[in-house]
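Just so it is clear, the structure is predicted and the values come from calculations on it, not from any experiment. Proteins come first, then strands; the chains are lettered A, B, ... in the order of their sequence lines, and each starts at number 1.
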Amino acid sequence: KNEVEQSPQNLTAQEGEFITINCSYSVGISALHWLQQHPGGGIVSLFMLSSGKKKHGRLIATINIQEKHSSLHITASHPRDSAVYICAAPTDKLIFGTGTRLQVFP
Amino acid sequence: GAGVSQSPRYKVAKRGQDVALRCDPISGHVSLFWYQQALGQGPEFLTYFQNEAQLDKSGLPSDRFFAERPEGSVSTLKIQRTQQEDSAVYLCASTHGGRVDTDTQYFGPGTRLTVL
């Protein structure tokens, strides 16, 4: 069993749909990272959160540290949101989930 | 630019060749990380430097892998006698401070290594 698991692995949506990606982890951490990886490899940090909810534009991340679960939501999805979304748990190093590949079609 | 850069972006090596991958972190960033990302997988930790000190190399898969950061800035990941299973994207990231849990990691574009 991986220490950081994401679901779903693949997600297809129509433009405008509300998207939810889930992340569960078994390690003890005080914060969690959400990252975005576009084709070609570049990874961008989206959020780092330790409690509650954070919002940035159409992206919302929530975390429940006690339940060891986090979700990333995208409102009014757009084709440019198509990417791989990865959650990562910082122990003494970052432990990454396998990622969720999102494709948003017009 | 002011971001993390890596070179080369693509490298094709014949099995048994040695390769060297370079990472230029953001200027002034204390910490530097190397990750290996196999196709369809999330990145996996290889090694970590704080300034010139290699504090953790527990993720290096074998003694064929060697990393250095002699002046606390540019880092090189060297792979000796490459094998096909070494084929992956090698990512470098840097952070301003030394905290994995609170510092944002800035990633380079990666080097895609293909071993034939």
Residues Lys93(A), Asp56(B); criterion salt bridge (charged side-chain N to carboxylate O under 4.0 Å, His left out); working and verdict | CA-CA 9 Å; Lys93(A) 62 192 82 148; Asp56(B) 188 341; 3.8 Å; yes

Check step by step if side-chain hydrogen bond (donor to acceptor under 3.5 Å, both in side chains) holds for Tyr25(A) and Gln6(A).
-> CA-CA 9 Å; Tyr25(A) 52 92; Gln6(A) 290 184 235; over 6 Å; no

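The aromatic rings of His29(B) and His96(B) lie perpendicular to each other, with more than 60° between the two planes, well past the 30° mark.
For a residue to count as touching a neighbouring chain, one of its non-hydrogen atoms must lie under 4.5 Å from one of that chain's; by this rule Ser50(A) does not touch chain B. Interface residue Ser30(A): only side-chain heavy atoms are found under 4.5 Å from chain B. For chain A, no part of Tyr106(B) is nearby; none of its heavy atoms comes within less than 4.5 Å.
Listed options Gly42(B), Ala93(B), Gly59(B), Pro43(B) were ranked by heavy-atom pairs under 4.5 angstrom with chain A; first place goes to Pro43(B). Here Leu94(A) is the residue among Leu94(A), Val44(A), Val84(A), Ile95(A) with the most heavy-atom pairs under 4.5 Å with chain B.
Between the side chains of Gln37(B) and Gln37(A), at least one donor N or O sits under 3.5 Å from an acceptor N or O.
Test Lys57(B), Gln50(B), Glu52(B) against Gln54(B) for side chain to side chain contact (heavy atoms under 4.5 Å, CB included) and you get one pass: Lys57(B).
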